[in-house]
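Inspection log for the structure reproduced underneath, given as structure tokens.
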Amino acid sequence: MEAFWIILVGSLIAVSCAILGSYLILRKMAMVGDAISHAVLPGIVIAYLLSGSRETLPMLLGAAFLGVLTTILIELFYKKARLQIDASIGITFTWLFAIGIILISLFAGQVDLDQDCVLYGEIAYVPLDLWVTESGYNMGPRTVWIASGLLLLIVLFIWKGYKGLFITTFNEEFAKALGIGVAFWHYALMGAVSLTTVVSFESVGAILVVALLIVPPATAYLITTNLKKMLVLASIFGILSAFGGYYLAAAINGSIAGAMATVAGILFGIVWVAILMQKRRPSKTAINYLD
Amino acid sequence: MISIETHNLTVSYNKRPVLWNIDFELPTGSIVGIIGPNGSGKTTLLKAIMGLVPTSSGYVKIFDKDLADVRQRISYVPQRESVDWDFPASVMDIVLMGRYKKANLMKRISKADLEIAAEALEKVNMLEFSNRQISQLSGGQQQRVFIARSLAQGADLYIMDEPFVGVDAATEEAILNLLSDMKKEGKTVVVVHHDLQTAKDYFDWIVLLNTRMVAAGPKDEIFKEELLQEAYGGKLNVLSKVGDLMKEKAFNVREK
Ligand SMILES: Nc1ncnc2c1ncn2[C@@H]1O[C@H](COP(=O)(O)OP(=O)(O)OP(=O)(O)O)[C@@H](O)[C@H]1O
Ligand SMILES: [Mg+2]
């Protein structure tokens with residue numbers, strides 16, 4: 001049962017990350033996902049200090065706020081200070097992340113937040129944190145519910161916002177010319193990434209969530225010609241990483257989250273090599289391309 | 001009737017004006033060329049008309065109204081290089097974007113939209129490519145897809161940035177035919193173009209730019225040596241081309 005819960009949570013988070021990460025990659029913003037995942041740290045700590053508990057809601061709010069602040073700062077440095085985009089990302093998130101680290105060490109006594117846990121997550125504890133209703137009914141691990149809620153929200157967002165995200169991702173100027181609010185879609189996506197990051201931080205950790213945001217979508221990108229297929233394939237690679245990661249960790253008795261990220265990387269490598277091999281001999285796609 | 005009117009339009013990037021005091025009125029039902037050397041502000045002018053860059057002074061009126069009131073009647077075709085052609089999308093996906101509107105953004109694509117998009121692809125001779133991924137298109141085919149997307153909008157005013165760049169003679173011809181069909185339907189087409197040699201054949205009306213507006217008017221009034229030199233002045237090789245052009249006045253210099 002424990003394995004089931006861990007793999008389930010891993011998969012739920014991996015799918016949320018895969019969907020959002022696909023858009024980040026296509027927007028050439030993969031590193032913004034990285035930035036957000038680090039920059040939410042002070043938000044989480046401040047929310048914790050203010051609310052004095054590890055309740056989910058204040059943390060979600062704190063992190064979502066910092067996530068959006070991060071994207072606003074990046075835009076600001078990029079557009080107004082005219083820094084290169086990678087420099088603005090670098091400045092923003094290292095600075096916010098550092099504040100988070102300082103806060104944790106300053107309030108180490110009061111904060112029941114373990115640095116290692118925040119950074120690397122502890123998905124192995126997922127089955128221990130049960131949600132028991134007032135009448136004493138055991139609903140299963142709390143994280144499963146949170147991760148399911150998150151995935152539901154994201155699927156709803158992508159389903160309703162498919163056209164909006166599609167057009168603003170492919171051709172922002174054309175979207176603007178049609179009168180479509182490109183800033184709205186930008187910040188909606190960034191808000192979703194922030195939320196996902198914070199929900200994931202307890203289980204896979206703030207750093208490894210980046211692997212799930214980027215690697216499965218990048219793998220899907222290698223082999224797909226269609227955005228919808230890319231979303232589905234990225235999700236499948238995400239789920240495979242969760243499964244494979246769990247059993248790899250069990251086999252070597254190592255960190256589950258680390259193993260999941262490792263498997264994601266291995267899948268990427270396999271797909272990439274397979275494509276290279278296919279390119280060697282004249283394939284069907286190559287012939288298609290020539291006609 | 002006037003399609004686009006600009007009045008004292010000035011656009012600056014980082015406080016440096018790249019368009020200065022642009023003042024013109026374009027007629028409807030004509031093909032207008034916006035001509036000028038590299039960096040003369042042609043793209044910026046289109047973006048200012050479409051409200052994509054902030055203007056520092058002046059205004060733009062389209063069909064005598066503000067942009068926001070007539071957006072549905074305008075179609076903008078950005079420079080082909082402005083998008084990532086490796087994007088995982090099919091030709092049809094891109095053309096369907098021409099049917100997106102603020103009002104239907106959350107709704108599914110309708111059957112009518114699909115039919116209109118297919119019709120637009122037919123017009124540019126790309127229907128057989130509708131399921132192909134856009135990364136597997138040649139430059140000329142990409143340009144046709146962009147034009148199909150624009151046609152699918154069913155607009156009255158078309159604003160195109162360099163549609164003739166990187167296309168072969170056949171595609172150029174095909175695009176030109178489309179433009180003249182549009183004109184026959186009473187539509188207005190504004191095209192950024194930087195080949196002086198062909199400009200005279202392609203357009204009815206010309207706006208000559210070089211940061212400030214050198215001249216705007218019917219092509220016969222614009223194709224005068226002084227004006228062309230003023231726009232292209234200082235660029236020696238271009239200048240000699242202008243000279244050639246003036247000498248061969250009556251000839252169609254370009255072989256197709
Ligand atoms: N985003 C920007 N930031 C700063 N300067 C810009 C920006 N875009 C354009 N410029 C400058 O504005 C001027 C006009 O550029 P624009 O792209 O409008 O020229 P163009 O006439 O379209 O040139 P081309 O024929 O090369 O396409 C150029 O000097 C360019 O360097
Ligand atoms: Mg240009």
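Everything quoted here is computed from the prediction, not taken from an experiment. Chain letters run A, B, ... following the sequence lines, proteins first, then strands; residues in each count from 1.
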Picking from Val77(B), Ile134(B), Ile94(B), which has the most non-hydrogen pairs under 4.5 angstrom with chain A? Ile94(B)

Hey, which of Met230(A), Arg82(A), Lys229(A) has the most heavy atom pairs under 4.5 Å with chain B? Arg82(A)

Are any of the side-chain nitrogens in Glu173(A) or Lys47(B) under 4.0 Å away from the carboxylate oxygens of its partner? yes

Once rounded to the nearest 0.5 Å, what's the spacing between atom CZ of Phe146(B) and atom OH of Tyr76(B)? 9.5 Å

Side-chain heavy atoms of His186(A) within contact of Glu172(A), under 4.5 Å: no

Has Asp23(B) got a side-chain atom pairing as donor or acceptor with Asn8(B)'s backbone, closer than 3.5 angstrom? yes

With a 4.5 angstrom heavy-atom cut-off, is it the side chain or the backbone of Tyr221(A) that approaches chain B, or both, or neither? side chain

Counting only heavy atoms closer than 4.5 Å, note whether Arg149(B) contacts chain A via side chain, backbone, both or neither. side chain

Non-hydrogen atoms of chain A under 4.5 Å away: do they reach the side chain of Asn14(B), the backbone, both or neither? side chain

Could you tell me whether Asp84(B) and Lys28(A) make a salt bridge, using a distance below 4.0 angstrom between a side-chain N and a carboxylate O? yes

Most heavy-atom pairs under 4.5 angstrom with chain A, which of Met97(B), Met106(B), Met50(B), Gln72(B)? Met97(B)

Between Leu67(B), Ile74(B), Ile109(B), Asn104(B), which shows the greatest number of heavy-atom pairs under 4.5 Å with chain A? Asn104(B)

Starting at CD1 of Ile4(B), measure out to CD1 of Ile159(B) and round the result to the nearest 0.5 Å. 4.0 Å

Contact leader toward chain B among Gly164(A), Ala175(A), Gly161(A), where contacts are heavy-atom pairs under 4.5 Å: Gly164(A)

At a heavy-atom separation under 4.5 Å, does Leu96(B) approach chain A through its side chain, its backbone, both, or neither? neither

At a heavy-atom separation under 4.5 Å, does Gln153(B) approach chain A through its side chain, its backbone, both, or neither? side chain

Which of the residues Phe166(A), Phe170(A), Trp159(A) is involved in the greatest number of heavy-atom pairs with chain B at under 4.5 angstrom? Phe170(A)

In terms of the angle between their ring planes, are Tyr202(B) and His193(B) parallel, tilted or perpendicular, with boundaries placed at 30° and 60°? tilted

Around atom CH2 of Trp185(A), are there more than 12 heavy atoms of other residues, nucleotides or ligands at under 6.0 Å? yes

